[in-house]
Protein chains: 2
Amino acid sequence: MKSMASTSEKILDVAQSLIVAGGYNGFSYADISAAIGIRKASIHHHFPTKAELVSVLVDRYRRQAEVGLESLRGELSSPAEQLQSYLNYWRTCIRDASPSFCVCAMLAGEMQMLPEEVASRVRAHFQNLAGWLTSVLRAGMEQDLFRLNNRPEEEAQMLMASVHGAMLSARAFNDPGLFTIIVTPQITRLLGRDS
Amino acid sequence: MKSMASTSEKILDVAQSLIVAGGYNGFSYADISAAIGIRKASIHHHFPTKAELVSVLVDRYRRQAEVGLESLRGELSSPAEQLQSYLNYWRTCIRDASPSFCVCAMLAGEMQMLPEEVASRVRAHFQNLAGWLTSVLRAGMEQDLFRLNNRPEEEAQMLMASVHGAMLSARAFNDPGLFTIIVTPQITRLLGRDS
DNA sequence: TGATGTCTACCTATTAGTAGGTAGACAAAA
DNA sequence: TTTTGTCTACCTACTAATAGGTAGACATCA
């Protein structure tokens, strides 16, 4: 009973890895079909249109992200540890090339030509993530763990941009380690003063 | 004698704006054809294959960027002003939605499925930009204008990631002002201590 | 029985790219 | 001076492959 993933979940898994590699226009039903050994028509049975497939995909991604981030927010760990865990997640992903890029970050680049139903979901993820980071930063500030030079919501945007930019650079230079090099000093900066 | 742009340059102009909007797979010869009122076959006359078209496009972009950055390096302005000018360029672009995104940053996201001839050129641009930022930061450090917490080449990577991430966020939130909000504090940080 | 999932077999539109030809500019040869 | 050839830029008309999507038959399972 190793992987009991349903067909529709397998479809979403493959679609996600294809989007991460090449964006919305970078994959087709034929690609998915070939990858999991099922006919195109069967994929249409589960997801009538491409826009719907990607919408469901982003919904699933958002749900997983929400759960993941929420679980970090437990009383167990300090805001500093929460932030570090978030970054460790991506560091591991990028090193192991599992999903070496955030689906929503990828789609955000194509915002202007995405079906509206997809675009709005991507926007929503960005809002969620910014919100989570803001609340963690604010908590850390109130506990005197972080010394912020800007308002928490601004520092959250800065951090989010660093993370996404670091993903891009790691990919452009084909150097997973670059992610850590870029992102770690930003945390160091929040924690204290000097590196 | 307003705009005497040659046909091939018009093709590149349109292609560039289409790539910025939707990436490599986000445009077709038919799109360009419709945009400038010329037949598809005529575009193939100028650029036999899509990979070649985009390669020439990236070459042109790199040349322009090189010239632009080089002109900032004149003795006239301090490293701090050079950095500021670079950011102002993008701030204006994003505000006016001209090319509201760096072509190479867009393509870097699709790295994994780009024709090799294109991918290598995109990598080269990232290298150039990182190099330029490194040398400006190093100069500023030596003149005691910047107080860096990390090695110049690392700070350059951090800054570059911030810029690209800020472009992405500005697009995701559909808020050009976000670019400045994200990027300005990074400069402030380099310049002195407190915001 | 009927719902679910998969299939074969198709459809139309679009993709990148090709074949072959036309009209005009320019230059050298007659 | 005409004529011949070459070149550039564009055209119409096509190709093979792929895109997303549909209709309906068949099987399995509750």
Side-chain angles (χ1 to χ4, degrees), chain A residues 1 3-58 60 103 106-107 110 112-119 121, chain B residues 1 3-19 21-58 60 106-107 110 112-119 121:
Chain A
M1 211 164 291
S3 79
M4 268 294 291
S6 70
T7 301
S8 58
E9 291 210 327
K10 278 193 272 186
I11 293 171
L12 294 176
D13 290 343
V14 171
Q16 179 159 333
S17 74
L18 290 171
I19 288 178
V20 163
Y24 188 89
N25 290 307
F27 80 101
S28 70
Y29 274 47
D31 296 329
I32 301 173
S33 160
I36 66 181
I38 203 184
R39 299 294 141 171
K40 276 196 314 165
S42 308
I43 305 174
H44 279 288
H45 168 73
H46 294 280
F47 306 102
T49 69
K50 193 178 183 180
E52 202 167 311
L53 165 58
V54 178
S55 292
V56 173
L57 171 64
V58 175
R60 187 185 69 156
V103 189
M106 195 67 194
L107 292 172
E110 310 177 286
Q112 315 195 352
M113 45 123 284
L114 288 179
E116 179 47 36
E117 41 186 327
V118 177
R121 285 170 164 85
Chain B
M1 211 161 295
S3 77
M4 269 293 294
S6 69
T7 301
S8 59
E9 291 212 325
K10 278 192 273 186
I11 293 171
L12 293 176
D13 290 342
V14 170
Q16 180 159 334
S17 75
L18 289 171
I19 287 178
Y24 188 88
N25 290 308
F27 80 101
S28 70
Y29 274 47
D31 295 329
I32 301 174
S33 160
I36 66 181
I38 203 184
R39 299 294 138 170
K40 275 194 319 163
S42 308
I43 304 175
H44 279 288
H45 167 70
H46 293 280
F47 305 102
T49 69
K50 194 178 183 182
E52 202 168 311
L53 165 57
V54 177
S55 291
V56 173
L57 171 64
V58 175
R60 186 184 70 156
M106 195 67 197
L107 292 173
E110 309 176 285
Q112 315 196 356
M113 46 123 281
L114 249 33
E116 178 48 35
E117 40 186 326
V118 176
R121 286 169 165 86

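Given the structure is predicted, the values throughout are model-derived calculations rather than measurements. Values below: all heavy atoms of this structure, side chains included; hydrogens, waters and symmetry mates excluded. Chain naming here is simple, since letters A, B, ... match the order of the sequence lines and numbering starts at 1 in each.
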Q.
Which residues pass the side-chain contact (heavy atoms from CB on, under 4.5 Å) test with B:V56, not counting sequence neighbours?
A. B:L12, B:F47
Q) Rounded to the Å, how far apart are B:E9 CD and D:dA9 P? A) 12 Å
Q: Could you state the atom-to-atom distance from CE of B:M113 to P of D:dT18 in whole Å?
A: 15 Å
Restricting to nitrogen or oxygen on both sides, can you table the protein-nucleotides 22-26 of chain C pairs closer than 3.5 Å?
none

Q) Quick one: is C:dT15 close enough that its OP1 or OP2 comes under 4.0 Å of any side-chain N or O from B:S28? A) yes
Q | Nearest heavy-atom neighbours spanning B:G22 and B:M106 | A | C-CE, 3.9 Å
Q | Contacts of B:T7 that satisfy side chain to side chain donor-acceptor pair (under 3.5 Å) - sequence neighbours left out | A | none
Q: Using side chain to side chain donor-acceptor pair (under 3.5 Å) as the criterion, list what pairs up with B:S28, not counting sequence neighbours.
A: B:D31
Q.
Are B:N25 and B:M113 packed together at the side-chain level, in the sense that at least one heavy-atom pair is separated by less than 4.5 angstrom?
A. yes
Q: Over all heavy atoms of both residues, which pair between B:A15 and B:I32 is shortest? Give the atoms and the distance, please.
A: CB-CD1, 4.0 Å
(Q) Once side-chain contact (heavy atoms from CB on, under 4.5 Å) is applied, do any residues pair with B:S33, and if so which ones, sequence neighbours excluded? (A) B:K40, B:I43
Q: Could you name each residue pair satisfying salt bridge (charged side-chain N to carboxylate O under 4.0 Å, His left out) that touches residues 8-28 of chain A, not counting sequence neighbours?
A: A:D13-A:R60
Q.
Quick check on contacts: within residues 30-48 of chain B, what sits under 4.0 Å from DNA chain D by heavy-atom distance?
A. B:I38, B:R39, B:A41, B:S42, B:H45, B:H46
Q. Taking only residues at least two apart or on different chains, which pairs with a member in residues 7-45 of chain A satisfy ring-ring contact (aromatic ring centres under 6.0 Å, His included)?
A. A:Y29-A:H44
(Q) Going by side-chain contact (heavy atoms from CB on, under 4.5 Å), name the residues that satisfy it together with A:A119, two or more places apart in sequence or in a different chain. (A) A:M111, A:L114, A:E116, A:R123
(Q) Can you pull out the residues from residues 11-18 of chain B that lie within a 4.0 Å heavy-atom distance of DNA chain C? (A) none
Q) side chain to side chain donor-acceptor pair (under 3.5 Å) with A:T49: which residues, sequence neighbours excluded? A) none
Q) Closest approach of A:Q112 and B:A21, non-hydrogen atoms and distance? A) OE1-CB, 3.6 Å
Q.
Tell me whether the side-chain N/O atoms of B:T7 come closer than 4.0 Å to OP1 or OP2 in D:dC10.
A. yes
Q: Taking all non-hydrogen atoms of both residues into account, name the closest pair between B:E117 and B:R121 and its distance.
A: O-NH1, 2.9 Å
Q. How long is the line joining CD of A:E52 and C1' of D:dG21, in whole Å?
A. 13 Å
Q) Do any of residues 19-27 of chain A sit with a heavy atom less than 4.0 Å from DNA chain D, and if so which? A) A:F27
